[in-house]
Amino acid sequence: MSDKIKERSKALYTQEKLNRKFSLLRTSLAIAIGVLLSIIIILVVSDDPAASIKFLVIGPILNYNNFCGLLTMWIPIVITGLAVCIMFSANQFNLFGEGAFFFGGVVATMVALSTNMITGIHAVICIIAAAIVCGLIGVIPAVMKYKLGASEMVGSMLLNYACMNLGLFIISYFFRDPSAGTVVSEKIPKTAKIPTLLPHSDVHMGIIVAVVLVILAYIFMYHTRWGYEIRLVGQNEKFAKYAGVNIGFVLIGSQIIGGALSGAAGAMEVLGSYSRFSWTTLTGHGWDGVTLGILANRNPKYIPLAALFLAYLRKGADLMSMKTGMQTDFISVIQAVILVFLLAEQFLSKYKQKKTDELSKYLEIAEKGGATIG
Amino acid sequence: MDEILKVEHVVKIYGNGVMANKDINFTANKGEIHAICGENGAGKSTLMKMLYGIEQPSEGSIYVKGRKVELTSSAKAIENSIGMVHQHFMLVPSLTVAENVVLGVEPKKGIKFDKKEAIRMTDEIAEKYNLPVPANEKVEDISVGMKQRVEIIKALLKGAEILILDEPTTVLTPQETEELFTELRHLRDEGHTILFISHKLYEVKKLCDKVSIMRNGKMLVTMDISEVSEADISRLMVGRDVVEEITKEKANPKGVVLEAKNISCMNYLGRKMLDQVSFKVRSGEILGMAGVEGNGQHEILEAIAGMQTVTSGTIQLEQKDITNQSIKNIRSYGVSHIPEDRMINGSAKNLSIMNNLLAGRQNSATFTNKILLKTGKIRETAQELIKEYKVKCSSENQEIGMLSGGNIQKVVVAREFDANPKLILVDQPSRGIDIGAATFIRERLIQLRDEGKAILLNSADLNEVLELSDSLMVFYGGQIVAYFEDTSVLTEEELGLYMLGLKKQSMEEIEERMNER
Amino acid sequence: MDNVINSIFSVSFMFSVLRLTTPILLATLSSVISERAGIGNITMEGTMLISAFVGVVVSAYTGSAWIGFIAAVIIGGATGYLMSYIIFKLKVNDILAGIAINLLGSGGTVFVLYALTGVRGISTALSSKIMPVINIPIIKDIPIIGEVISGQNIITYMAFIAAFVIWYLLFKSRLGLRIRAVGENPDAAKSVGISVYKTKSIALIIAGVLSGMGGAYMSMGYVSWFAKNITAGRGWIGIAAAAMGGQHPIWGMLSAVLFGIADSVANALSTINLPSQLVLMIPYIVTLIAMCVYAYYQKRKKVRIHG
């Protein structure tokens, strides 16, 4: 009997390993397909494919400047990615990240231009203000879903457009620099700027904040009871309720955090990388966050790596467009393709089923005669 | 009589390795009502699913009218004149009766759905078999009994000669049941064959011509109904031989832990599920509940656990009122709950065993500091519980969904028992799990009782209830209809009479017996 | 302020209501048929963008508005099929698949536009065509009504006719019966031998065609070019309108008109000195509020029924 148990646990172990192996294989293949597709697109479209591919593939690490540019792109999407991790973990498809990022930038600009404080504190206050405002707005779709049962997704999308227009209104009517030709805010005071970290680059102290946030988010999700409750609700709401979890608290709380993080990311982007607020439309960072959240399987631990991949692709495409005139928007096509293959349960499933069947047969032999009825 | 259906050496092994049917041989004749009896998990449903093409046999063959058939889909079954009325109706609520009846074989006029023809077709069948239905009404607006009639017409319209009815009376009122029986007899007289799945023996005895009995995945015997009594069927169905005897000392109950007074509650449709239920559970005893499913046993457990709102009455745990408190509070006062369905309420299949073991105790000081969870302690506890409860798994990090049913149930049970409760609510502790795990869990329950826990047990498995309980309440229609101080003298036959509402103790009698202790 | 009131009660206002309702209505119908088939389809925004773009490009290259329109509709249907392939064959969650398709629509169109024309974000380099405006005989001579109803773009008429066609399809045809059956109880449909996959795919293709028409209208009727994010959330407003219409094509149409009115009011307000960005917020805020109010009453109704 004990031999049988051993055999069986061995088999279970292999099944578990098999599953893990396949999810890794699927992720790598999805990314490989994405990269391959980028190369094909470039070959078809570009006038100078060799140079384009070179810039896409090694551009970001070609020199110090490019590498710093890569890091600068990495900062905001790491944070929006974390926001999505937390909201999606509770099984809430809140897409407000996009609008919150934009509006966070607006709030930070407002606070920066209308208050006077000493360097350092000023920026921190701006970011906190952005986080609070966006967290509170993020409550709207959450409450709509929890109290009324209206789709949090549609609600958050509408909020995105509303927040964009509200933000543009605030900037152009109260903070606009009349001497500038386009609608941009006045210059953000030096005291509110986030200081740069690496010399001769745009890489600002926000990178440290991002790293700290990754660690905090991971600890929050996997080492505190609140994170545990969020995951419990996301995996099985009925079970969570049975386990005594206050469902409303979790759903609304997770979306406040999501909105606040996205807002803070937007604030940091404006205060760290721009001299004034100059966005005229939504920036796409929220959508990047969604891609990363899915790529990282909702675990904050994997966000930095996933973000590095996406930022690399972005920066490479950027360089490519500067040097060879290729356009960068195709990256979102690649994003879409990677997402589909990543999420496709059926992708590779035949191969996996074959392996599982082999395993089951092995298991059956190991357990011959031990089958029981259900 | 003509043999219309024959099942030969059919074996069914599910993907997860469970063998639900073992070498089934069975025949049914034209023009008979044939009962298939067996306990939950005996393999009745599996066999019927294979006959209707929902599942395919792993081995063996099925013959209809002497011809071998491959029932690879429901469409194939329909082609071979087999129809089925599922326990959960396969109807589209917002469509009309006629639309539901013709679904799949809809009459058309051009691209237009021919509603008149659909109604005519429905009425034609209804008239022919004397099964009147309101063809033009929406299914969501008609009664349950009527819905069932619609299902029968639906099958007949598609040419069913063999009609499978899966526990058709569970959802019906006695009057509706009577009507159904009349209709079924009429169908039999018209030459149809009816397979009647049930565990309500008096109905079987009353309605059917023949009875086949399944137990433990095997087909035991087919007999003429006139040859057997209800008691015989029951004995064959249950068969003491499969249950391992559990040794237990006589209970030594102490103070009252839980007192329920005049509890009533309603389900979401406003139907009264519990009606003035009162009882006490003492420390060191297992109080069992028996009854046909849906008579209030499950609801009283949910009400105590805080998952169901109590409309009147009070629930006290050691004299503290816990009526309608939050689940979190009730748990913190020392109530554990093994839920009826481990996959819906009892676990999250994509989380690790460790995380599943933590649920409900994430706020306890044992497992969390002010901010951080005590991950080391959680892991240690998980490892200990896995060892103690002999959970077969690779490690505490394994996703619980990858375990077998018995092992998942062990995890649920381990979590609830380990919380050091005063009161344990137990709902179907061994449903659908292997005998080894079931015996293990039963022995644990006895052990906990001896340690002085108060245990309230509900199980559809009569053997289990009788074996484990020290005292027993019988539920019927949301009320307690009988109370037995000592279960060791109680026979299944007698219990059955109370469960089916044929016998009833008076309120005073029950109260007196309960207070005697 | 008088100006605004005057302009709201003017004929041109009513005219613009129909004009602005058109894309929302088509997205609404697209959502209605998807929901009736039991699919959480959120691809309206992305599909409209793709079709708007394809319509412009094809009409510019062929010189024919109609060929452009047909291409837009076909690509819309193809996107619907793509969606069905992704969710049923590759087994991707419908919402996440929708997010992917929306990404494809927003990024892919801008990219291909650039690859074709070398211009970022707007298609003014292409000499695209627009769909004809129809003056309805007799009606056009009726005062007021004629001025409101006649002289709209042909796609506007198609949209309102489509609402009735979809109604007929869903509630009077055999296909519609099957769509509703698979949407409400796929097991029931399967148990009588209906192919759930096939039926749902057809519903998604029809939904794609409707979104495709909406996209074509945006770039070949409402305006005569394609610009980045030209739909500006109308797909999402359509989804909200469908929910408010109880997933019924006719009630959905009325909800869409409500949002068309909100859009027109915004337009009317922008003629006075109100900040344009605030005015642009109106349709989204109105939709949000309408969603909440509707959901609130739905919830109350449920509580009343179930006690």
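Each chain gets a letter, A, B and so on, in the order its sequence line appears, and its residues count up from 1.
- Contact count against chain A (heavy-atom pairs under 4.5 Å) is highest for B:Arg331 among B:Lys390, B:His337, B:Glu302, B:Arg331.
- Contacts between residues 360-369 of chain B and chain A, defined by a heavy-atom separation under 4.5 Å, are made by B:Gly360, B:Gln362, B:Asn363, B:Thr368, B:Asn369.
- Counting heavy atoms of neighbouring residues, nucleotides and ligands inside a 6.0 Å radius, atom CG of A:Leu216 exceeds 12 of them.
- For the atom pair B:Ile371 CD1 and A:Thr224 OG1, the distance stands at 9.0 Å (nearest 0.5 Å).
- If you take CD1 on B:Ile378 and NE2 on A:His223, they are separated by 9.5 Å, rounding to the nearest 0.5 Å.
- Heavy-atom distances place no part of A:Glu237 under 4.5 Å from chain B, backbone and side chain included.
- Looking only at heavy-atom pairs under 4.5 Å with chain A, the residue among B:Thr46, B:Leu351, B:Ile330 that has the most is B:Leu351.
- Applying the ring-ring contact (aromatic ring centres under 6.0 Å, His included) test to residues at least two apart or on different chains, the pairs with a partner in residues 414-440 of chain B are B:Tyr389-B:Phe440.
- The two residues A:Arg225 and B:Lys370 have their closest heavy-atom pair at NH1-O, 3.2 Å.
- Other residues, nucleotides and ligands contribute only 12 or fewer heavy atoms inside 6.0 Å of the CZ atom of A:Phe249.
- Closest non-hydrogen pair, A:Phe239 versus B:Ala359, comes out as CZ-CB, 3.4 Å.
- For B:Glu416, the part sitting under 4.5 Å from any heavy atom of chain A is the side chain, from C-beta outward, and nothing else.
- In this structure, no portion of B:Lys218 lies under 4.5 Å from any heavy atom of chain A.
- At a heavy-atom cut-off of under 4.5 Å, chain B is reached by A:Lys241, A:Tyr242, A:Ala243, A:Gly244, A:Val245 from residues 240-248 of chain A, listed in order of number.
- No donor-acceptor distance shorter than 3.5 angstrom exists from the side chain of A:Asn236 to the backbone of B:Lys349, with no hydrogens or angles considered.
- With sequence neighbours excluded, the residues that form a side-chain contact (heavy atoms from CB on, under 4.5 Å) with B:Ile344 are A:Lys238, B:Asp341.
- In terms of heavy-atom proximity, A:Tyr228 sits nearest to B:Leu373 at CB-CD1, 4.3 Å.
- Taking chain A as the reference chain and counting heavy-atom pairs below 4.5 Å, the highest number among B:Arg415, B:Lys374, B:Met343 is found for B:Arg415.
- Contact annotation for B:Leu358: both backbone and side-chain heavy atoms come within less than 4.5 Å of a heavy atom of chain A.
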